[in-house]
Chemist: 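Handing you this structure, nothing more for now.
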Amino acid sequence: MSEPIEIQLHRSLAEIAPADWDACARAGDGRPLDPFTTYRFLKALEDSGSVGPGTGWQPQYLTAHAGSELIAAAPLYAKGHSQGEYVFDHNWAHAYQNAGGRYYPKLQIAVPFTPATGRRFLTKPGFEEIGQAALVQGALQIGEQNQLSSLHVTFCTDQEVEIGREMGLLHRTGQQFHWVNEDYADFDEFLATLSSRKRKNIRKERKQAQAFGGEIRTYTGDQIQPEHWDAIWAFYQDTGSRKWGTPYLTRDFFEIAHQTLRDDVLLIIAEIDGSPIAGAMNMIGREALFGRYWGCIQDHACLHFEICYYQAIDWAIANGLRRVEAGAQGEHKLARGYLPVETHSLHWMADQGFSDAVAQYLVAERDAVAQEIEILTSYGPFRNTTQEDHE
């Protein structure tokens with residue numbers, strides 16, 4: 001392309017036309033591949049005050065333009081802490097600060113509070129390489145001009161890692177547990193692929209969960225009513241206060257979600273006499289169901305497994321989705337059909353000595369992650385004919 005690429009910085013998504021952003025996010029026609037990078041989702045975070053002043057997530061959205069055409073965009077934030085990222089760099093921050101450096105603010109290209117892999121360098125079709133290169137160069141220039149410590153790109157794709165590494169960014173891996181739909185007709189067909197011991201355990205858990213004394217219902221789109229958000233907010237506050245101290249999302253986020261995100265949301269709620277007592281919020285992509293928030297106001301045996309894992313599998317099978325991504329962490333997911341997969345992030349450190357030290361650490365960490373995934377996969381729940389004969 002002979003036309004020069006211009007980079008622009010935006011303090012608010014309101015400065016960017018929704019159609020232009022979603023053309024880069026490829027979210028204009030039908031269900032988006034990644035619901036988290038749509039204009040409506042990121043705008044809900046901003047308009048609700050979940051990101052912005054006082055949150056440690058200050059929007060600095062990047063766009064790349066070829067003439068008058070917006071060809072690429074990235075959800076960039078100036079971060080005042082390392083919370084809500086799920087690729088933890090607390091040790092890096094401590095080491096940098098102990099050496100006399102100032103780690104915060106740093107730059108983060110990410111979807112806030114969302115450990116789900118997706119494109120972080122949003123480009124219109126045909127502009128993938130040039131768009132990502134322009135956005136990376138723009139972010140690095142911002143970091144250097146403002147004497148910031150680092151840039152982090154979290155939960156990016158394999159293809160973005162390849163381009164990022166060619167541009168000198170450091171590559172980090174992690175792991176999550178995903179369930180993969182092998183064109184199952186129903187849950188029983190999925191169960192048939194597991195070892196007999198795991199099948200029995202899952203059936204036992206589902207039976208225990210279903211005995212909680214009520215019904216489990218699913219809601220999406222116009223089925224979702226304001227009172228459902230009241231319940232999800234109560235569940236979210238309970239879980240958030242126990243895990244993070246202060247929940248990341250504000251109440252206004254759920255109000256906005258009711259207006260703009262209902263078609264992207266699946267709520268799975270356990271009710272007793274019509275009153276919600278536990279539930280989970282999921283986001284729906286074109287190929288995957290993304291489990292996000294779970295909570296309860298009553299404890300019942302195995303209800304968490306049923307709502308977050310088994311009901312999600314049921315819904316994915318019924319709706320032809322390829323995967324269920326159940327969020328960060330949790331080796332307990334392995335026994336329930338969720339296998340370990342690699343996740344990826346890219347990093348740049350302004351200080352060359354510190355960058356060299358981090359690069360050495362990442363080599364060892366990548367090896368450890370790969371070995372752990374290999375070991376965990378070998379302990380997976382799926383049938384092994386030889387083992388099955390001895391059970």
Side-chain angles (χ1 to χ4, degrees), residues 13 16 18 20-52 55 57 59-63 72-77 79 83-87 108-123 132 135 152-160 174 176 178 220-221 232 236 240 247-250 252-254 256-267 280-294 308 312 316 321-328 341 343-346:
L13 273 179
I16 306 169
D20 285 342
W21 182 279
D22 280 343
C24 295
R26 305 181 195 181
D29 297 321
R31 191 173 294 286
L33 188 66
D34 179 2
F36 302 110
T37 55
T38 60
Y39 188 96
R40 57 186 174 269
F41 183 85
L42 295 171
K43 191 69 159 50
L45 292 177
E46 185 181 330
D47 288 350
S48 67
S50 300
V51 301
T55 68
W57 290 83
Q60 307 282 329
Y61 309 106
L62 274 185
T63 55
L76 176 68
Y77 299 85
K79 287 297 306 298
Q83 299 169 14
E85 297 168 9
Y86 300 95
V87 176
Q108 191 91 17
I109 295 177
V111 177
F113 329 122
T114 306
T117 292
R119 293 164 56 242
R120 296 295 173 257
F121 301 99
L122 311 176
T123 58
Q132 177 173 342
L135 293 170
H152 309 268
V153 185
T154 45
F155 295 99
C156 51
T157 66
D158 295 350
Q159 293 83 358
E160 290 172 330
Q176 286 184 345
H178 297 175
T220 189
I232 292 297
Y236 176 70
Y248 296 133
L249 301 177
T250 67
D252 284 348
F253 174 84
F254 297 93
I256 295 170
H258 184 68
Q259 301 301 322
T260 64
L261 298 174
R262 278 180 295 171
D263 289 341
D264 300 322
V265 170
L266 170 70
L267 303 182
M281 174 179 167
N282 305 266
M283 296 292 291
I284 310 168
R286 192 182 309 155
E287 297 179 353
L289 184 67
F290 301 90
R292 293 305 304 118
Y293 305 113
W294 145 268
C308 293
L321 298 184
R322 302 303 309 163
R323 302 185 312 283
V324 177
E325 299 189 17
V341 298
T343 60
H344 303 277
S345 57
L346 293 166

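Everything numeric here is computed off the predicted structure, so don't read it as measured data.
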Chemist: First locate atom CZ of Phe36, then atom OG1 of Thr117, and finally report the distance between them rounded to the nearest 0.5 Å.
Modeler: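 Atom-to-atom, Phe36:CZ and Thr117:OG1 are 10.5 Å apart.
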Chemist: Step by step, would you call Glu46 with Tyr61 a side chain to side chain contact (heavy atoms under 4.5 Å, CB included)?
Modeler: CA-CA 11 Å; Glu46 185 181 330; Tyr61 309 106; 2.9 Å; yes
Chemist: Is any side-chain N of the basic residue among Arg40 and Asp264 closer than 4.0 Å to the acidic one's carboxylate O?
Modeler: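 Salt bridge between Arg40 and Asp264, a charged N being under 4.0 Å from a carboxylate O: yes.
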Chemist: Work out which heavy atom in Leu261 is nearest to a heavy atom in Ala44; give both atom names and the distance.
Modeler: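 That closest heavy-atom pairing would be CD1-CB, 4.1 Å.
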Chemist: Determine whether Tyr39 and Asp22 make a side-chain contact, defined as any pair of heavy atoms from C-beta on separated by less than 4.5 Å.
Modeler: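 Yes, close enough: below the 4.5 Å cut-off.
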Chemist: To the nearest 0.5 Å, what is the distance between CG on Leu76 and CG on Leu62?
Modeler: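 Spacing of CG (Leu76) from CG (Leu62) equals 4.5 Å.
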Chemist: Can you confirm if the aromatic rings of Tyr236 and Phe254 lie within a centre distance of less than 6.0 Å?
Modeler: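 Ring centroids of Phe254 and Tyr236 are less than 6.0 Å from each other.
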Chemist: A side-chain contact here means heavy atoms from C-beta on lying under 4.5 Å apart; do Arg31 and Ile284 qualify?
Modeler: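 Sidechains of Ile284 and Arg31: in contact.
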Chemist: Is it the case that Tyr77 and Glu85 place a side-chain donor and acceptor less than 3.5 Å from each other?
Modeler: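 Side-chain D/A pair, Tyr77 to Glu85: absent.
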Chemist: Run the numbers on Gln176 and Tyr86 for side-chain hydrogen bond (donor to acceptor under 3.5 Å, both in side chains), then give the verdict.
Modeler: CA-CA 11 Å; Gln176 286 184 345; Tyr86 300 95; over 6 Å; no
Chemist: Kindly indicate whether the side chain of Gln83, heavy atoms from C-beta on, has any atom under 4.5 Å from the side chain of Tyr248.
Modeler: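 Yes, side chains in contact.
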Chemist: Got Tyr293 and Leu249 here, is their nearest side-chain heavy-atom distance under 4.5 Å?
Modeler: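 Yes, close enough: below the 4.5 Å cut-off.
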Chemist: State, with a plain yes or no, whether a side-chain heavy atom of Arg292 is found less than 4.5 Å away from one of Pro115.
Modeler: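 In contact.
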Chemist: I'd like to check Leu122 versus Thr37 (side-chain heavy atoms, cut-off strictly below 4.5 Å). Are they in contact?
Modeler: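 Result yes, sub-4.5 Å side-chain heavy-atom pair found.
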Chemist: Can you find a pair of side-chain heavy atoms, one from Arg119 and one from Arg26, that are under 4.5 Å apart?
Modeler: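 The answer is yes; the side chains approach within 4.5 Å.
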Chemist: Is it true that a side-chain atom of Ser48 and a backbone atom of Leu45 form a donor plus acceptor pair closer than 3.5 Å?
Modeler: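 Yes, Ser48 side chain to Leu45 backbone: donor-acceptor pair under 3.5 Å.
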Chemist: Of Phe41, Trp57, Phe155, which meets ring-ring contact (aromatic ring centres under 6.0 Å, His included) against Phe113?
Modeler: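 For Phe113, the ring-ring contact (aromatic ring centres under 6.0 Å, His included) check succeeds only for Trp57.
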Chemist: Taking side-chain contact (heavy atoms from CB on, under 4.5 Å) as the definition, give me every residue that meets it alongside Cys156, ordered by chain and number, with sequence neighbours left out.
Modeler: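 Result, side-chain contact (heavy atoms from CB on, under 4.5 Å) vs Cys156: Arg120, Val153, Glu160, Val161, His344, Leu346.
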Chemist: Would you name the heavy atoms of Leu42 and Pro112 that are closest together and state the gap between them?
Modeler: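 Leu42 and Pro112 have their closest heavy atoms at CD2-CD, 4.4 Å.
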Chemist: Nearest 0.5 Å please: distance from the CZ atom of Phe290 over to the CE atom of Met283.
Modeler: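 So the gap between those two atoms works out to 9.0 Å.
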Chemist: Rounded at 0.5 Å granularity, tell me how far CD1 in Ile109 sits from CG in Leu135.
Modeler: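 That separation rounds to 7.0 Å.
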Chemist: If you compare all heavy atoms of Pro35 against all heavy atoms of Gly285, which two are closest, and at what distance to 0.1 Å?
Modeler: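 For Pro35 and Gly285, the tightest heavy-atom pair comes out as CD-CA, 3.9 Å.
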Chemist: To the nearest 0.5 Å, what is the distance between CD on Gln108 and OG on Ser345?
Modeler: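 Gln108 atom CD to Ser345 atom OG measures 9.0 Å (nearest 0.5 Å).
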Chemist: Using 0.5 Å steps for rounding, measure from the CG atom of Leu289 to the NE2 atom of His178.
Modeler: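 One finds 11.5 Å between CG of Leu289 and NE2 of His178.
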Chemist: Indicate yes or no: at least one non-hydrogen side-chain atom of Leu267 is less than 4.5 angstrom from one of Ile232.
Modeler: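 Contact flag for Leu267/Ile232 side chains = yes.
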Chemist: Is there a donor-acceptor contact under 3.5 Å from the side chain of Thr157 to the main chain of Gly118?
Modeler: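 No.
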Chemist: Locate the shortest heavy-atom distance separating Thr154 from Ala110; write the atom from each residue and the value.
Modeler: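 Scanning both residues completely, I find the closest heavy atoms to be OG1-CB, 3.2 Å.
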